[in-house]
K.L.:
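Sharing a structure, written as structure tokens. Questions coming.
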Amino acid sequence: MKLEVLYFAWVRERIGCARETIETDAQTVNALVDELSAREERYALAFSDLSALRVAVDQDLSEFDAPLTDAREVAFFPPMTGG
Amino acid sequence: MKLEVLYFAWVRERIGCARETIETDAQTVNALVDELSAREERYALAFSDLSALRVAVDQDLSEFDAPLTDAREVAFFPPMTGG
Amino acid sequence: MVQIRVQSEPFDYGTECARFCADRQDVGAVVTFCGVVRDDTGDLAHMEIEHYPGMTERALGKIAEEAARRWALLDCLIIHRYGALEPGARIMMVATASAHRADAFAAADFLMDYLKSRAPFWKKETRAQGAQWVAAKNSDEAALARW
Amino acid sequence: MVQIRVQSEPFDYGTECARFCADRQDVGAVVTFCGVVRDDTGDLAHMEIEHYPGMTERALGKIAEEAARRWALLDCLIIHRYGALEPGARIMMVATASAHRADAFAAADFLMDYLKSRAPFWKKETRAQGAQWVAAKNSDEAALARW
């Protein structure tokens with residue numbers, strides 16, 4: 001399947017792009033993280049401490065073990081600091 | 001001693017004046033209340049339920065058993081409803 | 001730092017908010033509260049607010065000082081009107097400024113709770129069937145226990 | 001009833017407060033919060049706010065709906081800026097209107113707590129010695145437990 005993957009704040013800076021389209025068969029967010037981390041060092045670095053990251057699946061905050069069935073958009077970012 | 005006695009809201013309406021100067025030897029607020037109540041029916045009526053009243057001595061909220069030593073101004077009024 | 005105004009004239013809530021939040025680089029959070037004459041029943045002609053000149057300013061000053069003692073406030077404003085007010089009119093406002101939102105929120109909430117039942121104001125509502133003094137609510141007295 | 005605006009342009013806090021509190025006779029209490037770019041150290045050049053277009057509006061909408069479900073709100077406004085902001089600039093505001101003050105206060109406080117750590121905004125501060133992403137505070141996450 002095709003996934004839009006988005007990165008924000010320092011995750012975006014570390015990975016070096018704001019969004020990309022990924023062709024993947026990952027069934028969960030964790031599987032996607034593993035796949036990307038295996039692909040290149042910059043991903044492995046960005047994903048090295050998942051406790052410092054948050055993930056949204058189709059623009060809803062999710063857990064890393066969330067399924068990606070029918071997902072179109074996954075976003076990775078640090079804890080939010082609005083307000 | 002001479003005391004300025006003030007009345008607000010429905011206490012003012014029931015007693016029929018906003019302020020008056022009273023010549024009294026009352027040692028406490030309670031004694032002043034008793035003295036006024038004995039004087040005329042309208043005071044007795046206004047002071048009939050002290051739990052529905054508040055008192056300020058020299059512009060500080062006080063208790064009814066507060067002493068009046070050196071007091072210059074005593075005010076009676078219902079519970080406040082500002083804001 | 002503490003500003004208190006007790007007045008019969010209307011005040012402009014928007015202008016006061018803008019002025020209160022004027023450029024200061026140590027303020028991170030501003031909270032304002034505005035109390036409005038509410039017409040529950042649709043037949044309120046007007047509300048009359050009586051107060052105790054002298055004690056009012058003194059009581060509001062003590063409440064504001066207590067707030068400034070409890071929380072890290074950089075600014076604090078209280079405006080309260082007296083006299084006759086129409087439905088929809090702004091009765092009063094408080095504003096608090098702090099480095100952090102928790103202090104600004106808590107202080108404004110505290111100011112309102114104390115102002116409600118410790119500052120010498122009394123409201124009288126005039127409706128079609130006559131005028132009546134607004135009764136204090138038990139919940140207003142109970143709210144003080146929070147602090 | 002719920003208005004949400006996510007924008008790069010400045011907003012006028014006073015004007016928004018005045019407009020929000022426009023004459024309605026069922027509103028008794030209005031609470032507003034304004035967040036300002038604070039310069040703790042005196043060397044903040046600017047703050048950059050990044051956000052997640054689409055999810056931001058969605059997240060703010062859900063937070064506002066939850067507030068409206070929990071408290072008796074008559075109106076609710078959230079404005080949040082993104083992009084480069086100078087020290088002293090207004091970052092965002094929330095406003096709540098209710099018949100009673102307790103609802104307006106609680107809802108505004110709740111909106112701020114959730115907005116802080118559940119809406120996709122990230123702050124980056126540029127100072128003399130370089131740029132740095134603002135770290136989330138444990139206290140912000142802990143604040144959610146209040147609700």
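Please read these numbers as outputs of a predicted model, since none were measured by experiment. Numbers restart at 1 for each chain; the letters A, B, ... are given by sequence-line order, proteins then strands.
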K.L.:
Does a side-chain heavy-atom distance below 4.5 Å link D:Val37 with D:Glu86?
P.N.:
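Sidechains of D:Glu86 and D:Val37: no contact.
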K.L.:
Extract the chain D to chain A donor-acceptor pairs under 3.5 Å, no hydrogen or angle test applied.
P.N.:
{"unit_1": "D:Glu50", "atom_1": "OE1", "unit_2": "A:Arg12", "atom_2": "NE", "d": "3.3"}
{"unit_1": "D:Glu50", "atom_1": "OE1", "unit_2": "A:Arg12", "atom_2": "NH2", "d": "2.5"}
{"unit_1": "D:Glu50", "atom_1": "OE2", "unit_2": "A:Ala9", "atom_2": "N", "d": "2.9"}
{"unit_1": "D:Glu50", "atom_1": "OE2", "unit_2": "A:Arg12", "atom_2": "NE", "d": "3.0"}
{"unit_1": "D:Tyr52", "atom_1": "OH", "unit_2": "A:Glu73", "atom_2": "OE2", "d": "2.5"}
{"unit_1": "D:Met55", "atom_1": "N", "unit_2": "A:Gln59", "atom_2": "OE1", "d": "3.2"}
{"unit_1": "D:Arg58", "atom_1": "NE", "unit_2": "A:Gln59", "atom_2": "O", "d": "3.3"}
{"unit_1": "D:Arg58", "atom_1": "NE", "unit_2": "A:Asp60", "atom_2": "OD1", "d": "3.4"}
{"unit_1": "D:Arg58", "atom_1": "NH2", "unit_2": "A:Asp60", "atom_2": "OD1", "d": "3.4"}
{"unit_1": "D:Arg58", "atom_1": "NH2", "unit_2": "A:Asp60", "atom_2": "OD2", "d": "2.7"}
{"unit_1": "D:Lys62", "atom_1": "NZ", "unit_2": "A:Asp60", "atom_2": "OD1", "d": "2.4"}
{"unit_1": "D:His80", "atom_1": "NE2", "unit_2": "A:Gly83", "atom_2": "N", "d": "3.1"}
{"unit_1": "D:Lys116", "atom_1": "O", "unit_2": "A:Gly82", "atom_2": "N", "d": "3.3"}
{"unit_1": "D:Lys116", "atom_1": "NZ", "unit_2": "A:Gly82", "atom_2": "O", "d": "3.4"}
{"unit_1": "D:Phe121", "atom_1": "O", "unit_2": "A:Thr81", "atom_2": "N", "d": "2.8"}
{"unit_1": "D:Trp122", "atom_1": "NE1", "unit_2": "A:Pro78", "atom_2": "O", "d": "2.8"}
{"unit_1": "D:Lys123", "atom_1": "N", "unit_2": "A:Thr81", "atom_2": "OG1", "d": "3.0"}
{"unit_1": "D:Lys123", "atom_1": "NZ", "unit_2": "A:Thr81", "atom_2": "O", "d": "3.3"}
{"unit_1": "D:Lys123", "atom_1": "NZ", "unit_2": "A:Gly82", "atom_2": "O", "d": "3.4"}
{"unit_1": "D:Lys123", "atom_1": "NZ", "unit_2": "A:Gly83", "atom_2": "O", "d": "2.6"}
{"unit_1": "D:Lys124", "atom_1": "NZ", "unit_2": "A:Glu13", "atom_2": "OE2", "d": "2.3"}
{"unit_1": "D:Trp133", "atom_1": "NE1", "unit_2": "A:Glu13", "atom_2": "OE1", "d": "2.7"}
{"unit_1": "D:Trp133", "atom_1": "NE1", "unit_2": "A:Glu13", "atom_2": "OE2", "d": "3.4"}

K.L.:
Report yes if some heavy atom in the side chain of A:Phe76 is under 4.5 Å from a heavy atom in the side chain of A:Leu50; otherwise report no.
P.N.:
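Heavy-atom side-chain distance check fails, nothing below 4.5 Å.
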K.L.:
Are any of the side-chain heavy atoms of D:Met47 and D:Ile91 separated by less than 4.5 Å?
P.N.:
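They are in contact (side-chain heavy atoms under 4.5 Å apart), so the answer is yes.
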K.L.:
Please rank D:Ala59, D:Ala135, D:Pro120 by heavy-atom pairs under 4.5 Å with chain A and give me the top one.
P.N.:
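Among the listed options, the one with the most contacts to chain A is D:Pro120.
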K.L.:
Indicate yes or no: at least one non-hydrogen side-chain atom of D:Asp39 is less than 4.5 angstrom from one of D:Arg127.
P.N.:
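The answer is yes; the side chains approach within 4.5 Å.
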K.L.:
To the nearest 0.5 Å, how far apart are OG1 in D:Thr41 and CD in D:Gln129?
P.N.:
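Interatomic distance, D:Thr41 OG1 to D:Gln129 CD, rounded to 0.5 Å: 7.0 Å.
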K.L.:
So, D:Asp75 side chain and D:Ala97 main chain: donor-acceptor pair closer than 3.5 Å or not?
P.N.:
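No.
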K.L.:
For the side chain of D:Ser98 and the backbone of D:Ala72, is there at least one donor-acceptor N/O pair under 3.5 Å apart?
P.N.:
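Checked: pair present.
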K.L.:
Chain A heavy atoms under 4.5 Å from D:Ile49: which part of the residue, side chain, backbone, both or neither?
P.N.:
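No part of it gets close to chain A.
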